Colleague: 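The structure follows.
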There are 2 protein chains.
Amino acid sequence: MPGMHPVLAGHTGFLLSRVGGKARRRFAARLADVGLNFRMWGALSVLDAEGPITQQALGRCVGIDPSSMVATIDALEAAGLVERRPHPSDRRAHALAITPAGRATLADGRRLAADAQEELLSLLSAEERGQLHQTLLKLATA
Amino acid sequence: MPGMHPVLAGHTGFLLSRVGGKARRRFAARLADVGLNFRMWGALSVLDAEGPITQQALGRCVGIDPSSMVATIDALEAAGLVERRPHPSDRRAHALAITPAGRATLADGRRLAADAQEELLSLLSAEERGQLHQTLLKLATA
DNA sequence: TATTGTTATACTCTATAACTATA
DNA sequence: TATAGTTATAGAGTATAACAATA
């Protein structure tokens, strides 16, 4: 942003919050082109990688709490991208499954997410990107 | 966070959004001890550094839009930390000024913000912190 | 005409608490 | 007793549009 005051630009935590919000908004704006929001994209990505899984297990992987997960899966199911199937051994739970349409949308979503990331990080060298990624990974898993 | 899936942990943009949110929540939790939220702290910090300034000019420095600025200044004024004084040459505008109580609260806020940042970045070496800061600065000012 | 501050409004994201049906 | 999913709800945070007073 133009016009950020030096007294704030000196705070790493402030910058982190600011840049994080910018990243989220840019991702969301791109993903909206295929009808996904940030959380739908995350859930769909993990579901594709993991196969059938319960809502709450998926939520733990993506960082979405159980009650917020309901709305996320509702939206994905309404769009035909995910199915709630009966869980084979626990009648309380659902076995979530990505549909063929879900895989197709996810493929588009991946491209859009890659575009958004490229826009965001275009000023950084490959080395800077690598360092940033490693550092963020430490902070995220702490 | 424990349990973040590799397919998401591989996205720098996802990590940025996640860690940014974590930073914001931690700052907010600490600052709440002195009655400040994240935006009040930013506005108070810049106001202290800049002296009398209009609401919208302050908003541009902190990254708050004019309509959100109203509520932020309302809260600061209700707490006695800021005063809306008449602007000397423009009767539409206010000249915002930090009060002595505002300076005292800001001093506490600075300590709490420093604590929050230390908690957040404790896993990083001084060199990693410096690199992270420079990289975020590039991304924030782009 | 343009700008400052304001109000009303709405939308997103997130979290909490309570409920049901199962385990 | 505990857990999976659900519902209702509420609180941030943020943005938009329209307005009055003033430039």
Side-chain angles (χ1 to χ4, degrees), chain A residues 1 14 17-32 35-43 52-78 82-97, chain B residues 1 14 17-32 35-43 52-78 82-97:
Chain A
M1 284 294 293
F14 181 86
S17 167
R18 178 62 59 91
V19 175
K22 191 172 173 176
R24 170 172 294 253
R25 282 188 295 276
R26 188 154 312 194
F27 265 63
R30 289 306 203 110
L31 292 170
L36 296 177
N37 64 28
F38 195 69
R39 291 196 289 183
M40 289 164 79
W41 172 78
I53 187 176
T54 66
Q55 280 185 201
Q56 294 190 19
L58 180 56
R60 282 189 293 272
C61 291
V62 188
I64 304 176
D65 88 347
S67 75
S68 302
M69 203 66 207
V70 175
T72 303
I73 301 301
D74 282 351
L76 286 169
E77 200 173 31
V82 159
E83 280 179 8
R84 282 180 169 106
R85 297 183 183 158
H87 190 284
S89 63
D90 186 340
R91 292 205 298 169
R92 294 172 306 180
H94 298 142
L96 299 178
Chain B
M1 284 293 292
F14 182 86
S17 167
R18 178 63 59 89
V19 175
K22 191 172 174 176
R24 171 172 293 253
R25 281 188 296 275
R26 187 153 314 194
F27 265 62
R30 288 307 202 108
L31 291 170
L36 296 177
N37 63 28
F38 194 70
R39 292 195 288 183
M40 289 163 78
W41 170 78
I53 188 177
T54 66
Q55 281 186 200
Q56 293 190 19
L58 181 55
R60 282 188 292 272
C61 290
V62 188
I64 304 176
D65 88 346
S67 76
S68 302
M69 203 67 206
V70 175
T72 303
I73 302 300
D74 282 353
L76 286 169
E77 199 172 33
V82 160
E83 280 179 7
R84 282 179 168 108
R85 297 183 183 158
H87 189 283
S89 64
D90 185 339
R91 293 205 298 169
R92 294 172 306 180
H94 299 141
L96 299 178

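Sequence lines set the chain letters: A, B, ... in the order given, protein chains first and strands last, and positions in each chain run from 1. The structure presented is a predicted model; accordingly, all values stated were derived computationally and were not measured.
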Colleague: First locate atom CH2 of A/Trp41, then atom CG of A/Leu36, and finally report the distance between them rounded to the nearest 0.5 Å.
Modeller: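 Answer for the CH2-CG pair, A/Trp41 versus A/Leu36, is 10.0 Å.
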Colleague: Any side-chain N or O of B/Gln56 under 4.0 Å from OP1/OP2 of C/dT6?
Modeller: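 Looking at the OP1 and OP2 atoms of C/dT6, neither is under 4.0 Å from any side-chain N or O of B/Gln56.
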Colleague: Between A/His94 and B/Ser89, which has a closest nucleotide on DNA chain D that is more 5'?
Modeller: A/His94
Colleague: Tell me whether the OP1 or OP2 atom of D/dA20 has a side-chain N or O from B/Arg91 closer than 4.0 Å.
Modeller: no
Colleague: Apply ring-ring contact (aromatic ring centres under 6.0 Å, His included) to B/Phe27 and A/Phe14, showing your working.
Modeller: CA-CA 9 Å; B/Phe27 265 62; A/Phe14 181 86; 8.1 Å; no
Colleague: Between A/Leu58 (CG) and D/dT6 (P), how many Å, whole number?
Modeller: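 Atom CG in A/Leu58 sits about 13 Å away from atom P in D/dT6.
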Colleague: A/Thr54 has a side chain; which of D/dA4, C/dA2, D/dG13 sits nearest to it?
Modeller: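 Of D/dA4, C/dA2, D/dG13, D/dA4 is nearest to the side chain of A/Thr54.
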Colleague: Measure CD1/A/Ile64 against P/C/dC13 and give the value in whole Å, please.
Modeller: 10 Å
Colleague: Ignoring hydrogens and angles, answer whether the base of D/dT16 and the side-chain atoms of B/Ser67 contain a donor-acceptor pair closer than 3.5 Å.
Modeller: yes
Colleague: Any sub-3.5 Å donor-acceptor pair from B/His94's side-chain atoms to B/Leu96's backbone N or O?
Modeller: no
Colleague: Nearest-nucleotide wise, let me know which of A/Arg39 and B/Arg84 is further upstream toward the 5' end of DNA chain C.
Modeller: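 The residue whose closest nucleotide sits nearer the 5' end is B/Arg84.
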Colleague: Any Lys/Arg nitrogen of B/Arg84 or B/Asp74 sitting under 4.0 Å from an Asp/Glu carboxylate oxygen of the other?
Modeller: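 Yes, this pair counts.
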Colleague: In this structure, how many angstroms lie between the P atom of D/dT6 and the CG atom of A/Leu96, rounded?
Modeller: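 The distance from CG of A/Leu96 to P of D/dT6 comes to 9 Å, rounded to the nearest Å.
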Colleague: Specify the separation, in whole Å, of atom CZ of B/Phe38 and atom C1' of D/dA12.
Modeller: 14 Å
Colleague: For the side chain of B/Ser68, counting heavy atoms from C-beta on, which of D/dA15, C/dT22, D/dG13 is nearest?
Modeller: D/dA15
Colleague: Once you round it to whole Å, what is the distance between P of D/dT1 and CZ of A/Arg92?
Modeller: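 Whole-Å distance recorded here is 17 Å.
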Colleague: Can you measure A/Asp65 atom CG to C/dA15 atom P for me and round it to whole angstrom units?
Modeller: 6 Å
Colleague: May I have the distance from A/Glu77 (atom CD) to D/dG5 (atom P), rounded to whole angstrom?
Modeller: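 Atom-to-atom, A/Glu77 to D/dG5, this comes out as 12 Å.
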Colleague: For the pair made of CE in B/Met69 and C1' in C/dA8, what is the distance, rounded to whole Å?
Modeller: 20 Å
Colleague: Does a side-chain N or O from B/Asn37 land closer than 4.0 Å to OP1 or OP2 of D/dA12, or not?
Modeller: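 False: B/Asn37 side-chain N/O out of range (4.0 Å or more) of D/dA12 OP1/OP2.
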Colleague: Output the single nucleotide from D/dA21, C/dA21, D/dT7 whose closest atom is nearest the side chain of A/Val70.
Modeller: D/dT7
Colleague: Picking from D/dG13, D/dA4, C/dT7, which would you name as closest to the side chain of B/Arg24?
Modeller: D/dG13
Colleague: From B/Gln56 CD over to B/Ile64 CD1, what is the distance, rounded to the nearest 0.5 angstrom?
Modeller: 12.5 Å
